[in-house]
Amino acid sequence: MVIPRSFYEGEDILEISKRLLGKKLCTLIDGQYTSGIIVETEAYKAPEDKASHAYGNKVTPRTKTMFSKPGTGYIYIIYGMYHLFNVITGPEGVAHCILVRAVEPLEGQEAMARRRSMSKVRKEMTNGPGKFSIAMGIHKGLNGTDLTQREQIWIEEGWPLTDPKEILVGPRVGMSTAEECSNWPFRFRIKGNRWTSKPDTVYYE
DNA sequence: CACCGGATTGGCT
DNA sequence: GCCAATCCGGTGT
């Protein structure tokens, strides 16, 4: 079942970030179907979050996607070569967005390994936001995709709702210029899952 | 395993 | 012109 827009409409981005864990991210790109379970997310809370591209409700050609309907995919390029996949949430016009940082590969694993130039599946295939985007064929041309339509990228119900006790919370990754926002506990992952992007150790329970 | 530098380009000042 | 919500390969322990 594709997840309906109502799932993405809530005010509480931290709650939605947690509920996104265990959901199934699917792509049908270049004729290849792939899917994976979302095992790690990071929240960017508009407009007060200095780490958000839309800090202070700044609208630019890039950030305008962040102000579109909840349930829209926001994909942008970082370091000139990596495509990072985010989900827009919150009431329409509020630029909340959730970065997906890692997925556990499910269907189409051979295609994913091929796109990553790997001879076999291992955790390095999808354990980072740039990595799984390559594996699943996600690129910036799909920025603005409606994730509630089964077209090229969509999200389905996957595993049953992750028990809050099975979620680890910690600071976000790569915060160099976000000042006091750098330490906000906005990163969520499924405890003990081996497909996430960093060791368990830095996390608060 | 930890640390470090280079890759590579669009977006913004 | 600067630099980023990253990744990878090389080096050293």
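Computation of the quantities below employed the complete heavy-atom set of this structure, encompassing side-chain atoms and omitting hydrogens, waters and symmetry-equivalent molecules. Chain identifiers are assigned alphabetically (A, B, ...) following the order of the sequence lines, protein sequences preceding nucleic acid strands; residue numbering begins at 1 within each chain. Everything quoted here is computed from the prediction, not taken from an experiment.
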* Round to a whole Å and report the spacing from CZ of Arg62(A) to P of dA4(C). => 12 Å
* Rounded to the Å, how far apart are Phe132(A) CZ and dT6(C) P? -> 12 Å
* Structure fact -> In DNA chain B, stems of three or more consecutive pairs, Watson-Crick or G-U, each with both distances under 3.5 Å, turn out to be B:1-7 with C:6-12, B:9-12 with C:1-4
* Asked: To the nearest 0.5 Å, how far apart are NZ in Lys140(A) and NE2 in His83(A)?
  -> 7.5 Å
* Asked: Rounded to whole angstrom units, what separation is found between the CZ atom of Arg189(A) and the P atom of dA5(C)?
  -> 20 Å
* Salt bridge check: are Glu104(A) and Arg194(A) linked by an N-O gap of less than 4.0 Å? -> no
* Would you call Glu124(A) and Lys131(A) a salt bridge, taking side-chain N to carboxylate O under 4.0 Å as the test? -> no
* Asked: Can you say whether the rings of Phe186(A) and Trp184(A) are parallel (under 30°), tilted (30 to 60°) or perpendicular (over 60°)?
  -> tilted
* Atom-pair distance (CE on Met81(A); C1' on dC8(C)), nearest Å -> 10 Å
* **Aromatic plane relationship, Tyr33(A) with Trp154(A) - under 30° parallel, 30 to 60° tilted, over 60° perpendicular** => parallel
* Asked: Hey, is the side chain of Arg101(A) poking within less than 4.0 Å of OP1 or OP2 on dT6(C), counting only N and O atoms?
  -> yes
* To do: Give one of base, sugar-phosphate or nothing for Lys140(A), where a contact means two heavy atoms less than 4.0 Å apart.
  => nothing
* To do: Would you check, one step at a time, whether the test side chain to side chain contact (heavy atoms under 4.5 Å, CB included) holds for Ile75(A) with Ile153(A)?
  => CA-CA 11 Å; Ile75(A) 301 162; Ile153(A) 312 176; 3.9 Å; yes
* Which is true for Ile77(A) with a 4.0 Å heavy-atom rule: it touches a base, it touches only sugar-phosphate, or it touches nothing? -> nothing
* To do: Determine, step by step, whether Val87(A) and Lys23(A) satisfy the side chain to side chain contact (heavy atoms under 4.5 Å, CB included) criterion, reporting the C-alpha distance in whole Å, the side-chain angles of both residues, the deciding distance to 0.1 Å, and the verdict.
  => CA-CA 12 Å; Val87(A) 180; Lys23(A) 297 289 186 282; over 6 Å; no
* Remember a base hit wins even if backbone is also touched, and classify Arg172(A) as base, sugar-phosphate or nothing at under 4.0 Å, heavy atoms. => nothing
* DNA chain B: 5'-most and 3'-most nucleotides touching chain A, 4.0 angstrom heavy-atom criterion -> dA7(B) to dC12(B)
* Roughly, in whole Å, what's the span from CE in Met118(A) to C1' in dC8(C)? -> 10 Å
* For Lys58(A) and Thr63(A), which heavy atoms make the closest approach, and how far apart are they? -> O-OG1, 2.8 Å
* To do: Mind calculating the distance between CD1 (Ile138(A)) and P (dA5(C)) to the nearest angstrom?
  => 19 Å
* Asked: dT6(C) base stacked by Tyr82(A)? Criteria: ring centres under 5.5 Å, plane angle under 30°.
  -> no
* Asked: When the distance from CZ of Phe188(A) to P of dA5(C) is rounded to whole Å, what number comes out?
  -> 19 Å
* State whether Glu107(A) and Lys24(A) are salt-bridged, where the test is any N-O pair (Lys NZ or Arg NE/NH1/NH2 against Asp/Glu carboxylate O) under 4.0 Å. => yes
* **Rounded distance (Å) that lies between atom P of dC7(C) and atom CD1 of Ile134(A)** => 8 Å
